[in-house]
Asker: 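Have a look at this one before I ask anything.
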Amino acid sequence: MGPIPPARPKKPFETVVQEHGATVLRVCRAIVGVHDGEDAWSETFLSALKAYGDLPADANTEAWLVTIAHRKCIDILRASVRRPVPVQQTPDVPSSLGVPDEGQAELLDAVGQLPPKQRQAIAYHYLVGLPYKDVAALVGVTPDAARRAAADGVKALRAALGRPSPTVLLPTALRGVPG
């Protein structure tokens with residue numbers, strides 16, 4: 001058996017970028033386009049720089065870089081799907097999910113004047129639609145105490161607004177939400 005050949009030293013990372021940068025850029029541009037390709041190229045070499053010290057000296061550096069580039073391109077493609085698409089005008093559709101609109105300013109002011117636990121119980125139960133068990137967990141009281149806080153809050157709102165029931169101003173879908 002012959003002597004073991006000496007280990008081949010790794011090239012400096014700058015040399016790796018010079019040798020394989022064009023190939024990686026072509027791959028990135030082909031997958032994600034010209035503008036995003038440059039971002040993917042940069043991200044590829046930043047990641048490669050961090051991991052280069054762990055790469056064996058006899059590894060196929062070009063294949064390794066192309067693998068990193070491929071993964072960075074996938075990340076960019078996934079992110080582009082989540083980006084908002086510009087439109088000429090946004091649709092103004094009133095919410096039916098319990099978000100108060102401008103016509104409820106008086107009610108919101110009155111709710112804002114309630115003690116914190118009553119305000120939270122009213123908001124979580126009537127505006128969000130949570131059952132009293134969940135309201136209790138959020139507020140840090142028992143379900144009975146949450147129900148009592150909501151009832152006291154409704155009573156205070158009736159008095160403050162001078163109406164028999166402030167729930168006429170609450171979202172119709174949430175009136176009479178079961179506890």
Side-chain angles (χ1 to χ4, degrees), residues 1-104 108 111-112 116 119-141 143 146 170-174 177-178:
M1 200 163 171
I4 298 175
R8 193 174 74 194
K10 269 201 266 191
K11 297 177 184 175
F13 190 74
E14 182 179 348
T15 305
V16 171
V17 174
Q18 289 172 349
E19 289 177 359
H20 303 291
T23 302
V24 171
L25 184 59
R26 281 194 301 273
V27 168
C28 293
R29 285 181 173 174
I31 296 173
V32 295
V34 175
H35 299 293
D36 287 336
E38 292 176 7
D39 291 339
W41 183 90
S42 297
E43 289 181 29
T44 296
F45 281 103
L46 284 173
S47 292
L49 177 60
K50 291 176 187 174
Y52 189 63
D54 297 332
L55 185 70
D58 60 343
N60 182 342
T61 307
E62 185 176 53
W64 177 69
L65 288 169
V66 169
T67 301
I68 295 172
H70 170 76
R71 292 180 181 145
K72 291 300 177 182
C73 288
I74 288 173
D75 291 346
I76 287 174
L77 289 173
R78 286 179 180 158
S80 69
V81 172
R82 293 185 296 258
R83 278 190 217 122
V85 177
V87 293
Q88 289 291 341
Q89 185 175 353
T90 58
D92 289 330
V93 180
S95 174
S96 63
L97 300 176
V99 178
D101 65 346
E102 294 172 7
Q104 297 175 339
L108 291 176
V111 170
R119 182 175 48 238
Q120 292 170 339
I122 293 286
Y124 296 146
H125 183 70
Y126 288 104
L127 296 178
V128 177
L130 294 177
Y132 286 116
K133 179 183 81 170
D134 295 340
V135 172
L138 286 169
V139 178
V141 297
L170 293 174
T172 27
L174 298 176
V177 172

Asker: Could you walk me through whether Ile31 and Asp36 pass side-chain contact (heavy atoms from CB on, under 4.5 Å), step by step?
Answerer: CA-CA 9 Å; Ile31 296 173; Asp36 287 336; over 6 Å; no
Asker: I'd like to know if the side chain of Arg29 and the backbone of Gly37 have a donor-acceptor N/O pair within less than 3.5 Å.
Answerer: no
Asker: Dump the intermediate steps for side-chain contact (heavy atoms from CB on, under 4.5 Å) on His70 and Cys73, then the final yes or no.
Answerer: CA-CA 5 Å; His70 170 76; Cys73 288; 5.8 Å; no
Asker: Quick one, Trp41 with Val27, criterion side-chain contact (heavy atoms from CB on, under 4.5 Å). Give me CA distance, side-chain angles, the key distance, then yes/no.
Answerer: CA-CA 9 Å; Trp41 183 90; Val27 168; over 6 Å; no
Asker: To the closest 0.5 Å, what do you measure between CZ (Arg71) and CD1 (Ile76)?
Answerer: 15.0 Å
Asker: Would you say the side-chain atoms of Thr44 pair up with the backbone N or O of Ala40, donor to acceptor, closer than 3.5 Å?
Answerer: yes
Asker: Once the angle between the rings of His125 and Tyr132 is folded into 0 to 90°, is it parallel (under 30°), tilted (30 to 60°) or perpendicular (over 60°)?
Answerer: parallel
Asker: Kindly compute the distance separating CG (Leu130) from OH (Tyr124), expressed to the nearest 0.5 Å.
Answerer: 8.5 Å
Asker: Is there side-chain contact between Asn60 and Trp64, with heavy atoms separated by less than 4.5 Å?
Answerer: no
Asker: Treating Lys10 as the side-chain partner and Tyr52 as the backbone partner, does any N or O pair qualify as donor plus acceptor under 3.5 Å?
Answerer: yes
Asker: Looking only at non-hydrogen atoms, find the nearest pair between Val135 and Ala146 and report the distance.
Answerer: CG1-CB, 3.9 Å
Asker: Can you find a heavy atom in the side chain of His20 that is under 4.5 Å from one in the side chain of Thr61?
Answerer: yes
Asker: If you define the side chain from C-beta out and look only at heavy atoms, does anything of Lys50 sit under 4.5 Å from Ser47?
Answerer: no
Asker: Please report the interatomic distance NZ(Lys72) to SG(Cys28), rounded to the nearest 0.5 Å.
Answerer: 10.5 Å
Asker: Compare all side-chain heavy atoms of Glu62 with those of Thr23 and state whether any distance is below 4.5 angstrom.
Answerer: yes
